[in-house]
There are 2 protein chains.
Amino acid sequence: MPRRTDDAPRPSQRAAVLKAAMEVMAEKGPEKTRVQDIAARAGMSAGHVLYYFGKRDRILVDTLLESEADAGTQRDRRVAAAPSPLDAVERLVRLYLPSGSSDLRWKLWAQLVARPPQDAETLAAYDGVLDGWTTALADAIRAGVDDGTFTCRDPRTTAYRACRLMDGYALEVLLGAPGRTRAWAVSSVLEALDDELATRP
Amino acid sequence: MPRRTDDAPRPSQRAAVLKAAMEVMAEKGPEKTRVQDIAARAGMSAGHVLYYFGKRDRILVDTLLESEADAGTQRDRRVAAAPSPLDAVERLVRLYLPSGSSDLRWKLWAQLVARPPQDAETLAAYDGVLDGWTTALADAIRAGVDDGTFTCRDPRTTAYRACRLMDGYALEVLLGAPGRTRAWAVSSVLEALDDELATRP
DNA sequence: CGAAATTCTAGAACGAAATTCTAATCGCTC
DNA sequence: GAGCGATTAGAATTTCGTTCTAGAATTTCG
């Protein structure tokens, strides 16, 4: 019984499973989603889903990566269409932060931080995702500096820190304490960035 | 069969379980720790452990709270002994950040963010813990401002943001990508705080 | 003091889920 | 059209958390 580990001959069945996984997880949350649920949604058996992915965790990782790829595309599109660097930064913040305490992308991150896969390949993929956001934000900041809108000595570092700051706020939103809403996080982060980047007399 | 939900008549058996839990979890990580393991360490049956805690998640929460209580005590002691505000801040950063990718306190947080208990009591406890750190850091910053060491308009806000920034760095350390070590996190955060607080001509 | 109620405790039983195994079935190639 | 690897469903296995059962210990209070 061949159990595939590489993904060379993947017949897009894989993609179908991922789609199903994304749907179900969006509905009931990744932590409550059983392999069975995904299989049912994709119209196949649970054993068969595992035939493709090997273990449940792999489905989570791949779903996160897919979900981040989507988010990245959206991000690049929306940022490119921003009328100003200030707008671009604002859009980035809004796109980065979770939509609420049950945001799929962030809940997936939470799952994977709780049970981190240690293989180099996955870690590298994570790194790429994170880097995409940092770079996008750094570019926007740089544009604002050239523009005169912002003041910033080292856009890359500032962007990296801003992403970490957003991670922290995202955590709070995920935790779901009263008052720690998306709106609160967005405005807190924007305020912090304003303090950091504002050109003051 | 009475199943206790309140904790009024807890005969310190509870404390013994928590101690066992902390030990085992420190050894193999909270996510790999079975109720059975904790019971074995505490010299009792698995069913009996659940008799006290109701569900495994509760053990995690209580272990985290215990672990944070310890950390809080340590924190207040070490900060009180700091020779200067600058030192106090530095100590706080070192104490807050994870000791590595398998830091128990942080791994417990990761577990609980992945599967957040929604009862108000637990959320309130979390809030208290977080507030302890923010307050400690704010106090240190304030002392530094009075001192002339730091410049800061709003110490409380700065402290809060610094905690969120540290959360973000902590996440990276937990994820365990190469290079994202505790040492890296500590120096990155200290640098960020220096940029934020430094009194410049 | 002693009986009734309550609390503890171990261990078996149960249930839910992931993972693995078994046996077909399909879609090719030669 | 026989053969062979890739797919597939579904059953069996395993691992755990949780619940249940039956006593033992302890406390309460008449």
Selection from C:dT9, C:dT19, D:dT8 that lies nearest to any side-chain heavy atom of A:Y52: D:dT8
Heavy atoms of other groups near B:R156 CZ, more than 12 under 6.0 Å: yes
No-hydrogen, no-angle side-chain donor-acceptor test under 3.5 Å, B:D119 and B:T122: yes
Paired nucleotide for C:dA24 [Watson-Crick or G-U wobble; both distances under 3.5 Å]: D:dT7
Intermediate values then yes/no, salt bridge (charged side-chain N to carboxylate O under 4.0 Å, His left out), B:D167 and B:R161: CA-CA 10 Å; B:D167 291 347; B:R161 284 177 191 164; over 6 Å; no
Atom pair distance, as rounded to whole Å: OH in A:Y51 and P in C:dA24: 18 Å
Nearest-neighbour nucleotide for the B:V35 side chain, D:dT7, C:dC8, D:dG17 considered: D:dG17
Whole-Å distance separating the CD atom of B:Q36 from the P atom of D:dC16: 10 Å
Atom pair distance, as rounded to whole Å: CG in A:L50 and C1' in D:dA9: 13 Å
Whole-Å distance separating the CZ atom of B:R58 from the C1' atom of D:dT19: 19 Å
Who pairs with D:dC29 - Watson-Crick or G-U, where each distance is under 3.5 Å: C:dG2
Verdict with reasoning, A:E27 to A:R41, per salt bridge (charged side-chain N to carboxylate O under 4.0 Å, His left out): CA-CA 12 Å; A:E27 283 169 25; A:R41 176 71 59 112; 3.0 Å; yes
Given D:dC16, C:dA18, C:dC8, the nucleotide with the shortest approach to the side chain of B:R34: D:dC16
Where do N or O atoms of nucleotides 10-14 of chain C meet protein N or O atoms at under 3.5 Å, pair by pair?
residue : atom : partner : partner atom : Å
C:dA10  : OP2  : B:S45   : N            : 3.1

Electrostatic pair B:R142-B:D147, nearest N-O below 4.0 angstrom: no
Ion pair check, B:D62 and B:R58, cut-off under 4.0 Å: yes
Atom-to-atom span, CZ of A:R56 to P of D:dT15 - whole angstrom: 19 Å
Would you list the atom pairs, donor with acceptor, under 3.5 Å between side chains in residues 98-107 of chain A and any protein atom, with sequence neighbours excluded?
residue : atom : partner : partner atom : Å
A:S99   : OG   : A:D103  : OD2          : 3.1
A:D103  : OD1  : A:R105  : N            : 3.1
A:D103  : OD1  : A:W106  : N            : 3.0
A:D103  : OD2  : A:S99   : N            : 2.9
A:R105  : NE   : A:E68   : OE1          : 3.3
A:R105  : NE   : A:E68   : OE2          : 3.0
A:R105  : NH2  : A:Y96   : O            : 3.4
A:W106  : NE1  : A:Y96   : O            : 2.9
A:K107  : NZ   : A:E31   : OE2          : 3.2

Separation of C:dA18 P from A:F53 CZ (nearest whole Å): 14 Å
Integer-rounded Å distance: C:dA17 C1' and A:K32 NZ: 15 Å
